[in-house]
Protein chains: 2
Amino acid sequence: MYGSELSNRKKQILKAIVESHIELGEPIGSKSLMQLPGISCSSATIRNEMAELEELGYLEQPHTSAGRVPSQLGYRFYVDQLIEHYAMTKNEIAQIDRILKSKTAELDQILLTASKLASAMTNYTGLAVKPGRSSAVITRFETAYIDEYNFVLIMINASGNVISKHIRMTSPKSQSVVAQLAAILNETVVNLPADALNMSVMLRLEEEMGADAELVAPIIKTIYTTLTENDGGELQLTGIGNLLQYRDYESPEQLGDLLGTLEQKDEILKLVSEKQNDDISVLIGSESSVKVMNNSAIVFKPIVRDGKTLGVIGVLGPLRMDYAKVLETIERLCGSVGEIMDEYSALAPPGKKNNVTKEIDIKDGNNDPS
Amino acid sequence: MYGSELSNRKKQILKAIVESHIELGEPIGSKSLMQLPGISCSSATIRNEMAELEELGYLEQPHTSAGRVPSQLGYRFYVDQLIEHYAMTKNEIAQIDRILKSKTAELDQILLTASKLASAMTNYTGLAVKPGRSSAVITRFETAYIDEYNFVLIMINASGNVISKHIRMTSPKSQSVVAQLAAILNETVVNLPADALNMSVMLRLEEEMGADAELVAPIIKTIYTTLTENDGGELQLTGIGNLLQYRDYESPEQLGDLLGTLEQKDEILKLVSEKQNDDISVLIGSESSVKVMNNSAIVFKPIVRDGKTLGVIGVLGPLRMDYAKVLETIERLCGSVGEIMDEYSALAPPGKKNNVTKEIDIKDGNNDPS
DNA sequence: AGTTAGCACTCAAGATAAAAGAGTGCTAAA
DNA sequence: TTTAGCACTCTTTTATCTTGAGTGCTAACT
């Protein structure tokens with residue numbers, strides 16, 4: 001294991017450097033280090049140790065005659081082995097719970113609030129991910145007739161997710177036509193992957209629908225869109241402006257690139273989705289494989305209930321991020337969100353613990369009539 | 001009318017200053033102005049004119065011995081009376097159309113794409129607003145039974161918008177119970193505003209539902225949420241990073257505040273919703289009444305079809321924004337989006353011009369079973 | 001052996017001063 | 001009314017010097 005070659009004193013010194021640098025944002029010299037509690041040797045000794053730590057790759061020197069700065073590896077080692085638990089006050093925890101619970105029980109809302117809290121409490125950028133559905137195929141279709149020009153197409157995918165879309169028709173149709181449509185879809189289109197929705201399927205459907213063939217094209221397009229769209233989940237960022245206060249991003253370009261990448265969302269989503277375990281993840285600098293994040297770190301943790309990922313909460317900030325605080329904040333937030341979810345499921349009647357009383361994820365749609 | 005006191009020459013000089021400053025971002029002096037085409041007098045004359053323009057409030061001087069910079073009023077006058085039409089190339093227009101049309105016909109998608117285009121073409125921050133629905137009351141309820149643990153609640157509000165929510169039940173219910181629920185809701189809750197959803201309504205409903213009273217609480221909560229939530233529409237920002245490249249925002253704080261406000265979204269939404277007419281709007285600096293936008297300008301225009309606002313496209317940038325280009329870009333984008341909408345309605349059979357063949361605004365919901 | 005005091009050396013950052021340069025306002029002549 | 005000319009102002013740039021934090025190394029100390 002890396003780091004095994006480090007003496008206790010080296011570890012202490014490395015830890016002190018990382019923490020000082022996180023706090024001050026400047027290279028740390030041997031003298032200021034000497035005054036810190038927990039270090040009890042002369043500056044010369046520290047210098048020797050620092051030189052060795054640098055050789056081992058844990059520290060870097062911006063230029064001769066400057067103090068040392070932790071390298072990426074230094075941060076990694078710090079997070080893995082040196083970090084101390086950050087103790088949140090009861091008060092803070094209570095406040096988190098209070099704010100989270102003051103919102104509707106809608107998962108979206110809670111995740112967003114948690115992201116805001118993460119950002120506000122750490123002064124970095126908070127992120128919340130709502131996992132995407134994987135609607136590889138639709139296993140069942142339903143229709144709900146509204147009036148002669150409107151109905152709702154309800155689709156259920158292989159994972160049991162319910163997706164509903166409002167469809168407007170260009171000519172009046174009776175309730176039976178719409179019901180028939182569902183039946184035909186359940187015969188023809190069920191279990192077809194997106195790329196199987198070709199012309200032949202359309203023709204066949206149009207034939208079956210007879211006089212109401214005009215419905216087919218828009219419906220198929222809707223289904224196609226549903227199957228292909230938005231698979232990766234949703235990412236919400238809060239407190240982007242917080243990044244500006246860290247002079248770690250020197251060139252505005254660099255920061256601009258980062259913002260651009262964040263806006264794209266897919267890179268971050270990929271990053272977050274790639275992690276398979278339920279633990280808290282810390283990706284430091286180039287570990288994240290997102291090029292533009294070489295000066296940044298990201299900490300995130302999925303919220304898992306009954307084996308299912310309800311969402312991911314995280315924080316993105318500069319390399320020199322207060323990892324102790326961030327880790328604890330994320331843990332705490334995930335814990336609280338999880339508890340809230342549990343409370344909701346506790347409302348379910350006994351013996352049905354796994355059921356969630358109410359869970360609403362379908363966004364509203366609005367459409368103007370005529 | 002303000003500006004009537006300005007001689008032609010003053011106008012020309014003001015115009016040249018504004019345009020030079022937009023291009024260069026620096027105070028403009030009399031000498032560099034003299035060399036510009038359209039100006040044919042000596043620098044001394046220009047100096048005299050500039051002094052007067054400053055006295056009238058159209059120009060400002062960062063310090064003695066610096067050139068002049070347009071004041072907010074200067075920009076206003078420029079936009080109102082001096083601006084020249086920016087000619088977009090056929091190529092650019094074709095490209096806009098191509099990119100817009102390559103997307104699904106979903107309004108959300110088109111608006112987002114338009115916002116991205118606005119940002120990419122102008123190098124400022126693009127914005128797209130999807131107007132909110134005003135679901136003051138629900139006028140009709142429908143239910144669609146999925147299985148014994150799931151159904152979809154469909155609500156239609158006074159404006160005819162369709163809103164659907166997926167409801168999970170904690171104990172198995174038959175199709176008839178769910179159908180009955182719709183009937184009862186249509187008797188009891190129809191046309192009730194959010195604040196009328198009180199305990200007495202709940203008790204009454206629970207009585208009517210008899211053995212299935214447990215369904216009532218989550219349903220009422222869902223309806224309440226639907227009635228109250230998210231009324232203000234949705235705002236999407238693209239190219240926020242672009243703001244970093246303009247040194248007009250000197251302090252990172254200022255920019256951070258701006259980003260924070262943008263993130264809040266409600267201020268911008270309010271701003272955009274306040275405008276009643278369908279014209280393109282230009283709000284310069286403090287005109288927008290959003291305090292943090294004193295150094296910024298915002299240009300936006302609603303897309304109106306058949307008397308209904310489908311969305312708003314706009315651009316936000318520094319005060320020293322290329323208004324000519326931005327105005328033209330926004331006009332063009334709105335035009336193209338409108339055309340696309342028209343094309344869709346053109347697919348409707350003759351005599352039904354107002355109908356839109358397909359229009360999907362309902363977001364998908366996902367929910368795990370069991 | 002490991003630790004520490006001492007010292008020469010390095011190099012960014014800050015201070016000071018001088019020079020440059022862009023731009024102005026004003027006056028007087030065209 | 002316009003313009004050339006000029007003195008004046010004030011920022012920006014450049015150069016030079018100084019400061020000081022921090023280092024590495026050596027030699028003495030424990």
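The distance from atom CG of A:Leu59 to atom C1' of D:dG22 is 14 Å, rounded to the nearest whole Å. As a whole-Å value, the separation of A:Ile39 CD1 from C:dT3 C1' is 15 Å. Rounded to a whole Å, the CE atom of A:Met50 is 15 Å from the P atom of C:dT3. Here D:dG22 presents its C1' atom at 13 Å from CD of A:Glu26, a figure rounded to the nearest Å. In this structure, B:Ile28 atom CD1 and C:dT24 atom C1' are separated by 15 Å, rounded to whole Å. In this entry the distance linking CD of A:Gln61 with P of C:dC11 reads 11 Å, nearest Å. Rounding to whole angstrom units, CZ of residue B:Arg47 and P of C:dT27 are separated by 14 Å. Rounded to an integer number of Å, the gap from B:Glu49 CD to C:dG23 P is 18 Å.
For A:Asn48, counting side-chain heavy atoms from C-beta on, the closest listed nucleotide (C:dA12, D:dT23, C:dT4) is C:dT4. Comparing D:dT2, C:dA22, D:dT23 by their closest approach to the side chain of B:Arg9 singles out D:dT2.
Remark: B:Ser42 is in phosphate contact with D:dT3, judged by side-chain N or O atoms under 4.0 Å from OP1 or OP2. For D:dG24, one of the phosphate oxygens OP1 or OP2 lies less than 4.0 angstrom from a side-chain nitrogen or oxygen of A:Arg68. Between A:Ser32 and the phosphate of D:dA21, there is no side-chain N or O to OP1/OP2 separation shorter than 4.0 Å. Applying the 4.0 Å criterion to OP1 and OP2 of C:dT24, one finds that B:Thr64 has every side-chain N and O outside that range.
Applying the side-chain hydrogen bond (donor to acceptor under 3.5 Å, both in side chains) test to every pair with at least one member in residues 15-30 of chain B, sequence neighbours left out, gives these pairs: B:Lys15-B:Glu84, B:Glu19-B:Tyr78, B:His21-B:Tyr75, B:Ser30-B:Arg47.
Below the 3.5 angstrom threshold, one finds a donor paired with an acceptor across the side chain of A:Ser65 and the base of C:dT10.
Rounding to the nearest 0.5 Å places OG of B:Ser7 at 9.5 Å from CD of B:Gln12. Atom OH of A:Tyr124 and atom CG of A:Leu243 lie 10.5 Å apart (nearest 0.5 Å).
Residues B:Ser43 and A:Gly29 each lie close to DNA chain D; by heavy-atom proximity, the contact nearer the 5' end of the strand is made by B:Ser43.
Across every strand in view, D:dT30 sits unpaired, with no contact that passes the Watson-Crick or G-U test at under 3.5 angstrom.
In summary, B:Glu287 and B:Arg76 engage in a salt bridge, as defined by a charged side-chain N under 4.0 Å from a carboxylate O. Between B:Lys10 and B:Glu52, at least one side-chain nitrogen of the basic residue sits less than 4.0 Å from a carboxylate oxygen of the acidic one, meeting the salt-bridge criterion.
As judged by a 4.0 angstrom heavy-atom cut-off over every strand, B:Ala44 is placed among the base-contacting residues.
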